[in-house]
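Chain naming here is simple, since letters A, B, ... match the order of the sequence lines and numbering starts at 1 in each.
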Number of protein chains: 2
Amino acid sequence: MADGYGYDKRAADGKGFMHGIAIDAVIFGFHDRQLKVLLLEYSLAGIFALPGGFIRETENVNDAALRVVRERTGLGNIFLDQFYVFGDYGRFDNRPLKAIMQAGGTAFDENHWLLQRFITVDYYALVDFTKAVPAPDEESDICRWYDLDTIPPLIQDHKQIIAKALSTLQDGLDKKLIGFNLLPDTFTMADLQAVYETILGKKLQRTVFQRKMLGLGILQRIAKKHTGRAHKAPYLYRFVSQPA
Amino acid sequence: MADGYGYDKRAADGKGFMHGIAIDAVIFGFHDRQLKVLLLEYSLAGIFALPGGFIRETENVNDAALRVVRERTGLGNIFLDQFYVFGDYGRFDNRPLKAIMQAGGTAFDENHWLLQRFITVDYYALVDFTKAVPAPDEESDICRWYDLDTIPPLIQDHKQIIAKALSTLQDGLDKKLIGFNLLPDTFTMADLQAVYETILGKKLQRTVFQRKMLGLGILQRIAKKHTGRAHKAPYLYRFVSQPA
DNA sequence: TATTATTGTATCATTTTGATACAATAATAA
DNA sequence: TTATTATTGTATCAAAATGATACAATAATA
């Protein structure tokens, strides 16, 4: 997360980074028919937060976000979308950060650049859960997935940020055809439907969903997948491209 | 605009404002069946730009945007939507600002806070053209409407910002029901259709459009409008609320 | 070989959208 | 006064999209 947390110790003096502005990432994964979010834990201070980071003085803001997601997941080619700037003055609260710095034994004074007001540019990322390797940053010690309905209390307005990320994801699901970014390279129609149902929070009719997805012309049938269970084997699909 | 332009002279020393971050506003109006954008001109320097401004140290970012739009248009209750952060390092170019400062006789040195890198949070606003009273800011001398297809060369990436604002507007037109923000309190169905056609850049079928709009249940019929021409008088409508 | 669960697709009903037709004006012209 | 004209509001029918149901085709197990 940003707002001061998860900063790179090599730059703890603020040299080389933009001040007052940071990025946060809501990194979504999908597993066991559940939508998951990647969170950092600062266990010494008992604090949970979204992954985030700062912007180097000559770095594109979008690249800073890519860097953060790459560092937390080990993944390169991920779907990443800027969705909102959280910039209310009232959200600014440096007490959790002080707690983290104190717990970590970092020296600081009240004028430390990390304790000043920050606004954050927020992104959501869709990653392949099976390929991601969660890794904490320099300050935190745990980085792991949480089901959306079992998220611990988070610092500042990070819970609202997740809520807004989710509703943005919901809005763009049909229009931008982004659901498949949460799945491995090959998947069954039932897998895809589970992604949609979980994100939208409602059941979809199987036959209607299948007709719609096939009608988009972006799915390629690969082979049959024998699940080892007593029924017809479903096809495996791969996403190929945008419709013509 | 921001990126250094249009700053408040009382704070030219940078005290009281956040550094490195600014807001720009793409203010849309509608008149003569044309979509228009409000631009500032710095005629001494021969430079055109979007209206923008800075964020006071204790001000919400969204409030800073509201303030800018209010100052340029004289309007209070306007529709305003944050749509993107432009944060590429490559977009940063302080030469136009230097030109403006020189033309204005403002003293400055290379380390002036306005000459450092800025990223901008960008908003689009939809205002009632008939009520807006364009007003330049402290540095510029002309503030006026431009048709979208006769926009002069703009500083930095302001042309791209307008393009992105327009496509965001297009995407949200049906979903968010925002078209009416461009019209006066009462309007005919033909007026409304003209707004939609201009924004979307294509003709719509009159009867289908009318059925759709009436079906939303958000229009109230006020009275007949006698246009003075040889045909049936259209109804005047008023927007009442979101559909139930 | 029957049974079971699930998949892929066909079919029909319902709803939405597209296209056309036409009566109802409000001004002007004859 | 009475056609003529341009537009508006709505009805109507066709076409397309969506919703709902049915059913045959498996792949495993009993």
Side-chain angles (χ1 to χ4, degrees), chain A residues 32-33 170-171 173-177 179-180 183-184 186-240 242-244, chain B residues 32-33 170-171 173-175 177 179-180 183-184 186-240 243-244:
Chain A
D32 274 344
R33 315 239 143 159
Q170 288 169 343
D171 290 346
L173 196 53
D174 268 354
K175 192 143 195 164
K176 296 183 170 181
L177 301 174
F180 57 87
L183 290 170
T186 65
F187 49 85
T188 68
M189 193 60 76
D191 294 334
L192 185 58
Q193 186 173 345
V195 167
Y196 272 72
E197 289 183 340
T198 307
I199 291 175
L200 298 176
K202 67 178 181 189
K203 289 278 169 210
L204 301 175
Q205 212 179 300
R206 183 183 61 89
T207 61
V208 173
F209 181 80
Q210 176 138 335
R211 181 176 55 194
K212 182 167 127 187
M213 286 300 140
L214 292 178
L216 294 173
I218 57 171
L219 292 182
Q220 184 189 2
R221 268 185 185 160
I222 304 299
K224 296 236 172 192
K225 181 192 188 186
H226 288 249
T227 61
R229 279 179 306 129
H231 55 74
K232 189 172 176 178
Y235 284 104
L236 281 174
Y237 295 89
R238 186 204 313 281
F239 275 90
V240 283
Q242 299 302 84
Chain B
D32 274 342
R33 314 238 143 160
Q170 288 169 343
D171 289 347
L173 196 54
D174 268 353
K175 192 143 196 164
L177 301 174
F180 58 87
L183 291 170
T186 65
F187 49 86
T188 67
M189 193 60 77
D191 294 333
L192 185 58
Q193 186 172 346
V195 167
Y196 272 72
E197 289 182 340
T198 307
I199 291 174
L200 297 176
K202 67 178 181 189
K203 290 276 169 211
L204 301 174
Q205 214 179 300
R206 183 183 61 90
T207 61
V208 173
F209 181 80
Q210 175 138 335
R211 179 176 58 194
K212 183 167 125 187
M213 287 299 141
L214 293 179
L216 294 173
I218 57 171
L219 292 182
Q220 185 189 2
R221 269 186 185 160
I222 304 298
K224 297 236 172 191
K225 180 192 188 186
H226 288 249
T227 60
R229 280 180 304 129
H231 55 74
K232 189 173 177 178
Y235 283 104
L236 281 175
Y237 295 90
R238 186 204 313 280
F239 276 91
V240 284

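- Scanning for ring pair (Phe, Tyr, Trp, His ring centres under 6.0 Å) contacts around A:F187 gives A:F239, with sequence neighbours left out.
- The separation between B:D191 atom CG and D:dT7 atom P is 14 Å, rounded to whole Å.
- In this structure, of C:dT6, D:dT7, C:dG8, it is D:dT7 that holds the atom nearest to the side chain of B:R229.
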Please list every donor-acceptor pair under 3.5 Å in which a side-chain atom of residues 196-217 of chain A meets a protein atom from a residue at least two apart or in another chain.
residue: A:E197; atom: OE2; partner: A:Q193; partner atom: NE2; Å: 3.0
residue: A:E197; atom: OE2; partner: A:L204; partner atom: N; Å: 2.9
residue: A:T198; atom: OG1; partner: A:A194; partner atom: O; Å: 2.6
residue: A:K212; atom: NZ; partner: A:D174; partner atom: OD2; Å: 3.2

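- Atom pair A:K232:NZ and C:dT7:P shows a separation of 10 Å (rounding to whole Å applied).
- Secondary structure note: stems in DNA chain D built from 3 or more consecutive Watson-Crick or G-U wobble pairs under 3.5 Å occupy C:1-30 with D:1-30.
- Distance, B:L214 CG to D:dA11 P: 11 Å, rounded to whole Å.
- For the residue pair A:V195 and A:G179, the shortest heavy atom distance occurs at CG1-O, 3.8 Å.
- To the nearest 0.5 Å, atoms CZ (A:R238) and OG1 (A:T186) are separated by 7.0 Å.
- Protein atom CZ of A:F209 is 17 Å distant from nucleotide atom C1' of D:dA17, rounded to whole Å.
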Practice problem: List the protein contact pattern of nucleotides 14-22 of chain C with one symbol per nucleotide (5' to 3'): B for base contact, S for sugar-phosphate-only contact, - for none; contact means a heavy-atom distance under 4.0 Å. | Solution: ---BBBBB-

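- At least one side-chain heavy atom of A:M189 sits under 4.5 Å from a side-chain heavy atom of A:Y237.
- Residue pairs satisfying the salt bridge (charged side-chain N to carboxylate O under 4.0 Å, His left out) criterion with at least one member in residues 186-195 of chain B, sequence neighbours excluded, are listed as follows: B:R33-B:D191.
- Taking both residues in full, the closest heavy atoms of B:L219 and B:V240 are given as N-CG2, 4.2 Å, listed atom of the first, atom of the second, then distance.
- Going from atom CD of B:Q210 over to atom P of D:dT7 covers 15 Å, rounded to whole Å.
- The distance between atom CE of B:M213 and atom C1' of D:dT10, rounded to the nearest whole Å, is 17 Å.
- Of the inter-residue distances, the one linking B:L236 atom CG with B:T188 atom OG1 reads 7.0 Å to the nearest 0.5 angstrom.
- When the C1' atom of C:dA24 is taken as reference, atom OH of B:Y235 falls 10 Å away, rounded to whole Å.
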